[in-house]
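Worksheet for the structure shown next.
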Amino acid sequence: MKPETAKPETPSAVDISATLCGVRLPNPTVLTSGVLGLSHEIMVRVARAGAGGVTTKSCSLKPRPGYPNPTILDWGPGLINAVGLSNPGVEVMVEEIRAAKEELAPLGVPVIASIFAETIYDFGTVARFISEAQPDLIEVNISCPNIDDRYRQMFAANPYVAGQVTRRVKQNTDIPVLVKLSPNVTDVAQIARAVVEAGADGITAINSLGPGLILDIETCRPVLAHGTGGVSGPATRPIAVRCVRDICQAVDVPVVAVGGVTTGRDSVEMILVGATAVGIGSAVYYRGMAVFRQVCEELRDYMERHGYGALKEFRGRAAAIRF
Amino acid sequence: MKPETAKPETPSAVDISATLCGVRLPNPTVLTSGVLGLSHEIMVRVARAGAGGVTTKSCSLKPRPGYPNPTILDWGPGLINAVGLSNPGVEVMVEEIRAAKEELAPLGVPVIASIFAETIYDFGTVARFISEAQPDLIEVNISCPNIDDRYRQMFAANPYVAGQVTRRVKQNTDIPVLVKLSPNVTDVAQIARAVVEAGADGITAINSLGPGLILDIETCRPVLAHGTGGVSGPATRPIAVRCVRDICQAVDVPVVAVGGVTTGRDSVEMILVGATAVGIGSAVYYRGMAVFRQVCEELRDYMERHGYGALKEFRGRAAAIRF
Amino acid sequence: MTLPHTVRIREIRDETRTIRTFVLDAEVPEAEPGQFIMLWLPGVDEKPMSVACPTPLTLTVARVGPFTTALCERRVGDQVGWRGPYGRGFSLHKDQLALLVSGGCGVGPLYFLATQAVTRGIPTTVALGARTALDLPYVEQFRALGVDLILATDDGSLGYKGPVTDAILQSAICNSQSAIYACGPEPMLVAVHRLCRERAIPGQLSLERYMKCGFGICGQCAMDGYLVCQDGPVFDVEQLDGLRDFGRAQRSATGRRLPIR
Amino acid sequence: MTLPHTVRIREIRDETRTIRTFVLDAEVPEAEPGQFIMLWLPGVDEKPMSVACPTPLTLTVARVGPFTTALCERRVGDQVGWRGPYGRGFSLHKDQLALLVSGGCGVGPLYFLATQAVTRGIPTTVALGARTALDLPYVEQFRALGVDLILATDDGSLGYKGPVTDAILQSAICNSQSAIYACGPEPMLVAVHRLCRERAIPGQLSLERYMKCGFGICGQCAMDGYLVCQDGPVFDVEQLDGLRDFGRAQRSATGRRLPIR
Ligand SMILES: Cc1cc2nc3c(=O)[nH]c(=O)nc-3n(C[C@H](O)[C@H](O)[C@H](O)COP(=O)(O)OP(=O)(O)OC[C@H]3O[C@@H](n4cnc5c(N)ncnc54)[C@H](O)[C@@H]3O)c2cc1C
Ligand SMILES: Cc1cc2nc3c(=O)[nH]c(=O)nc-3n(C[C@H](O)[C@H](O)[C@H](O)COP(=O)(O)OP(=O)(O)OC[C@H]3O[C@@H](n4cnc5c(N)ncnc54)[C@H](O)[C@@H]3O)c2cc1C
Ligand SMILES: Cc1cc2nc3c(=O)[nH]c(=O)nc-3n(C[C@H](O)[C@H](O)[C@H](O)COP(=O)(O)O)c2cc1C
Ligand SMILES: Cc1cc2nc3c(=O)[nH]c(=O)nc-3n(C[C@H](O)[C@H](O)[C@H](O)COP(=O)(O)O)c2cc1C
Ligand code: FES
Ligand code: FES
């Protein structure tokens with residue numbers, strides 16, 4: 001398979017490993033949920049391509065076919081998607097995670113299991129279920145912007161509801177829990193406080209932005225079958241950086257910074273505002289699976305130029321600055 | 001002065017004029033607030049360059065120097081700005097608007113006066129003041145994302161407050177009032193309903209997105225002196241289109257659609273979801289002042305290809321489609 | 001930018017009772033044989049279709065279910081969207097005779113490949129398999145190209161009676177002087193794969209898996225460690241050795257692995 | 001993308017008691033004489049500065065207030081940001097003698113222009129004005145270029161006693177065979193403008209107005225119907241005829257028009 005396989009890590013004086021809720025990542029780049037995280041073989045391939053951690057596609061109690069296509073499109077400054085949380089269901093994901101863990105353990109690359117549900121109650125059930133596969137971390141997706149009427153509003157839009165979901169998940173697992181937040185709220189720090197008070201061990205931010213809407217002006221129809229979709233990629237980066245900054249100033253748990261990260265520069269930006277790790281999704285489209293290794297190399301170059309030996313030496317540096 | 005001056009409108013069968021709260025626009029492109037709207041000479045130049053309407057920079061009771069520079073930067077997929085609502089104060093703007101109206105009346109191009117204030121009460125005072133200049137419309141900016149602590153939260157973030165501001169302004173003027181909304185809320189339709197119930201004659205959406213944050217990784221500082229800033233330009237278009245769609249479905253007043261509009265295609269997209277006019281700001285950077293004439297020509301081409309004689313023939317066509 | 005381009009259907013041709021060719025008002029000169037586009041029927045769905053001709057963009061479609069049925073209801077002048085081309089196509093071995101093996105709608109990309117082989121002066125044989133004589137597509141077009149033809153039908157109503165993969169065994173050129181390029185139902189491809197490995201014949205097979213993004217980020221098209229939309233749809237036979245899913249399993253829209261019928 | 005590039009100060013030279021030259025670790029080969037960059041002092045402000053040399057990027061700065069004072073406190077190796085170049089620069093008339101007229105920190109862009117004129121073989125005279133001999137910048141650099149020099153000081157401590165605009169009246173080349181290129185305090189530019197119009201001398205004047213974006217969207221730099229950042233900073237004398245604000249008013253940070261001192 002492609003060049004990106006099992007190249008030995010380029011040796012370097014600087015240490016870019018990170019520790020996320022007690023879990024070690026060989027490097028801070030994490031495959032974000034919903035991108036390539038459907039099967040263990042591909043997750044293993046992404047890890048060999050250089051990812052420091054992999055997150056599974058969010059899974060639910062029952063299988064979901066998701067929305068018809070188009071579900072994912074490139075509109076230039078970013079991607080837009082309304083996949084509809086398609087997934088094979090928690091039973092299947094348990095098997096995929098088991099298989100992934102087996103192959104990734106030797107590489108020292110942790111597996112993050114992303115879960116979601118349609119009710120607060122079911123979040124607990126899925127969490128208990130997925131824990132059987134012993135993922136290194138559980139990520140709770142309460143922030144998908146592509147909501148059917150059934151859901152009414154994102155769980156992540158309301159601090160009380162977000163807290164309840166977190167509590168329910170924590171009651172059902174001993175595995176450290178990351179809660180994934182949405183940028184589509186007026187005060188993300190408030191939601192962050194709520195989930196941390198409810199017991200979240202860490203936070204992942206941001207989920208995709210919006211929703212947004214793009215029309216095909218010839219047919220007068222939305223280009224996505226679902227109509228609206230979540231915006232991701234470079235176009236969203238300044239919003240993501242601000243959200244991560246707000247969250248890191250508001251709470252004291254590790255944050256996985258996601259949103260438009262495409263280059264080493266972008267990962268540095270996230271770490272400077274306080275991120276512990278960086279999620280990468282859309283950039284897999286822009287730079288291929290090699291993006292993980294490239295971002296790490298660019299990050300190392302930066303650290304060498306600035307004489308940093310480890311990430312903690314500059315993590316949060318910008319958060320300190322008054323503004 | 002440059003090519004863009006006083007070229008005669010290219011004659012065409014299709015009529016692209018629009019009527020906004022009873023005010024006629026020769027074409028639907030409007031210079032949006034904060035871009036070039038500081039002096040009457042430049043507003044006149046923009047009108048000669050093809051704009052169907054011009055909006056002044058938002059003005060307040062007292063002059064404001066705004067934030068230090070950098071206040072406006074191009075980050076690739078869009079612009080980011082934290083100007084800090086600098087403006088010479090309502091007294092000066094009254095003079096600029098009078099002068100602008102005098103020169104624009106013959107061109108049939110209306111002037112929209114944008115106002116803001118730091119308290120609900122002051123909004124009324126500024127509205128009364130500015131009305132002396134007899135602008136064709138008043139736009140109430142309750143949605144600037146660059147808020148100092150003093151303001152705490154945007155007026156546009158809370159339906160009750162947004163309604164109160166609208167009421168206060170309406171009590172102080174007989175001129176039709178547009179209220180400018182922010183995308184940085186979880187449910188923009190709710191805010192739209194609130195301001196319309198409070199008497200808004202129309203809505204302008206969206207103000208810039210975010211705020212966003214961009215760091216200079218060499219100095220670990222935000223690139224904007226203020227730190228965070230509002231995001232605008234192409235990167236924000238899908239969010240803007242969705243907001244305009246939500247608003248047009250929720251309320252029954254004319255909407256000036258703003259946010260990333262750069263081409264005729266983009267203006268068509270906004271009109272298809274229900275917009276009456278389109279605001280153009282950042283695109284002045286990408287295409288120069290000629291953008292107004294270019295967008296109109298591209299819009300006409302589309303209408304000719306589709307055999308439309310007037311904007312109303314396709315306005316809202318996409319809003320009808322269930323999604 | 002890969003938003004779908006909306007264009008009109010310029011021409012529609014019936015190839016067989018179930019296979020129909022659509023010529024679109026679009027040009028994709030950069031497309032290679034074996035590459036595919038995502039075809040969008042607004043309000044219905046968007047699915048992968050191989051390029052049968054790049055200029056004008058031409059697709060040859062077998063009616064098998066809801067999407068292809070909706071497509072077959074489209075008339076000349078109707079609007080469809082497309083984006084692409086995507087994936088890795090066929091690459092002709094210039095020193096080998098070309099043996100193209102087609103089953104069902106696999107004929108589209110192979111016709112495109114045949115035109116390329118002929119222009120490059122590569123001696124070309126095309127083997128077409130179908131249920132009956134009535135189901136054999138593109139026979140005239142291939143004749144017009146002047147390639148050698150091997151026909152096979154399950155009922156023997158035309159040419160060899162039996163699977164096309166048996167028919168080619170008889171052919172004189174089914175040896176290591178040739179290279180095989182195949183597209184069709186996966187069981188047929190499995191047979192071709194076996195044949196290529198037994199006789200040391202270089203081979204390239206075009207596979208199908210359920211696709212959503214088409215450009216390598218959703219993971220829906222995963223087959224073992226491959227992304228069929230990006231690493232494929234055309235694979236060298238070597239790449240398919242010992243795979244768990246080849247010939248056995250494919251994913252549904254949910255991502256669940258289901259046995260191949 | 002016009003995010004500021006952060007670079008280090010490579011070298012600092014004192015030109016006079018109040019004028020200092022900063023050489024940055026940056027190259028702007030595309031910059032033309034008269035164009036400017038926005039110079040960012042992180043944590044302080046960002047303001048326009050003319051390019052005195054493009055490679056390496058060199059700025060000559062007069063200490064006049066908070067920003068330029070903060071800049072003058074910077075040392076070699078300190079970090080500053082820059083973006084640009086922006087605006088319309090000077091364009092040399094190739095058939096006219098060049099007469100460059102500088103007041104105060106206007107010398108930077110004119111030195112850049114002089115180097116260009118000399119390389120193009122255009123006979124060049126540079127007129128420098130200042131308060132005293134101690135305030136005359138770049139005299140040695142211009143001598144080294146081999147251009148004719150006209151010096152003027154208010155106190156007569158060196159060269160002509162009086163405004164540089166009077167000094168050039170004496171010069172043999174102050175006629176329509178020449179073109180005048182001027183940069184300096186606006187009252188000086190007003191005098192040059194009058195001179196050019198009276199004697200039918202083609203002239204280009206570099207103006208200053210309060211700038212924020214630097215690229216034509218904030219409107220802060222408006223002078224009558226012009227955007228100085230984009231239509232200027234260099235204007236032909238014809239463009240300045242009959243303007244309300246030229247020589248009279250400029251905007252403050254709020255956008256208010258204030259009389260020019
Ligand atoms: C790279 C590639 C190229 C293709 N080229 C052609 C072609 O040129 N002509 C042609 O007729 N067909 C082609 N196909 C197959 C075509 O995409 C399916 O026949 C079509 O999607 C069936 O949809 P349906 O709703 O009509 O049938 P369904 O009843 O939905 O499905 C029938 C079969 O098609 C498969 N299928 C359904 N949806 C998809 C999907 N989104 N992606 C991939 N497979 C799917 C199913 O697994 C099933 O095996 C190609 C497929 C791929 C992957
Ligand atoms: C196109 C252009 C090129 C310039 N090139 C040079 C140069 O090469 N060398 C040099 O020394 N100076 C140059 N200047 C002037 C320089 O920008 C100002 O001297 C500087 O901004 C003063 O800031 P301050 O805080 O030190 O002084 P302040 O006390 O703030 O102001 C002193 C003077 O500078 C003006 N000024 C202040 N801020 C700005 C601003 N943001 N934009 C424009 N003018 C401002 C004020 O109106 C006042 O006239 C240039 C200005 C422009 C517009
Ligand atoms: C195609 C696609 C599918 C996604 N699916 C999920 C998902 O199932 N669960 C989830 O938490 N986030 C999902 N996301 C959001 C991403 O995890 C990520 O938060 C977002 O894309 C921003 O990161 P990026 O800019 O690097 O893509 C998805 C994003 C994309 C583009
Ligand atoms: C430099 C700049 C200044 C702005 N100032 C204002 C303002 O004073 N009042 C206001 O209502 N909106 C202001 N805006 C927001 C714009 O009016 C507009 O809503 C936003 O930029 C989105 O449109 P665009 O993508 O076409 O720029 C400003 C935007 C920019 C880029
Ligand atoms: S179809 Fe999405 S990765 Fe292949
Ligand atoms: S400085 Fe902003 S328009 Fe000139």
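Chain identifiers are assigned alphabetically (A, B, ...) following the order of the sequence lines, protein sequences preceding nucleic acid strands; residue numbering begins at 1 within each chain.
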TODO: Hey, could you give me the CG/CD1 distance between B/L272 and A/I217, rounded to the nearest 0.5 Å?
DONE: 7.5 Å

- [ ] Mind listing the closest non-hydrogen atom pair of A/W75 and B/P234 along with its distance?
- [x] CZ3-O, 3.5 Å

Task: Region of A/F314 that comes under 4.5 Å of a non-hydrogen atom in chain B - done: neither

Open item on the list: Rounded at 0.5 Å granularity, tell me how far CZ in A/R242 sits from CG in B/L215.
Closed with: 13.5 Å

Task: Value rounded to 0.5 Å, distance of CD in B/E269 from CD1 in A/I214 - done: 7.0 Å

Task: B/L209/A/L209 under side chain to side chain contact (heavy atoms under 4.5 Å, CB included): CA gap, chis, key distance, verdict - done: CA-CA 11 Å; B/L209 183 69; A/L209 183 70; 4.0 Å; yes

- [ ] Quick one: pull up OG1 in B/T186 and CG in A/N158 and give me the separation to the nearest 0.5 Å.
- [x] 9.5 Å

Open item on the list: Ignoring hydrogens, what is the shortest heavy-atom contact between A/P77 and B/A235? Give both atom names and the distance.
Closed with: CB-CA, 4.3 Å

Open item on the list: With a 4.0 Å cut-off on N to O distance, would you call B/E218 and A/R265 a salt bridge?
Closed with: no

Task: Nearest atoms (heavy-atom pairs only) where A/I239 meets B/G210 - done: CD1-CA, 3.5 Å

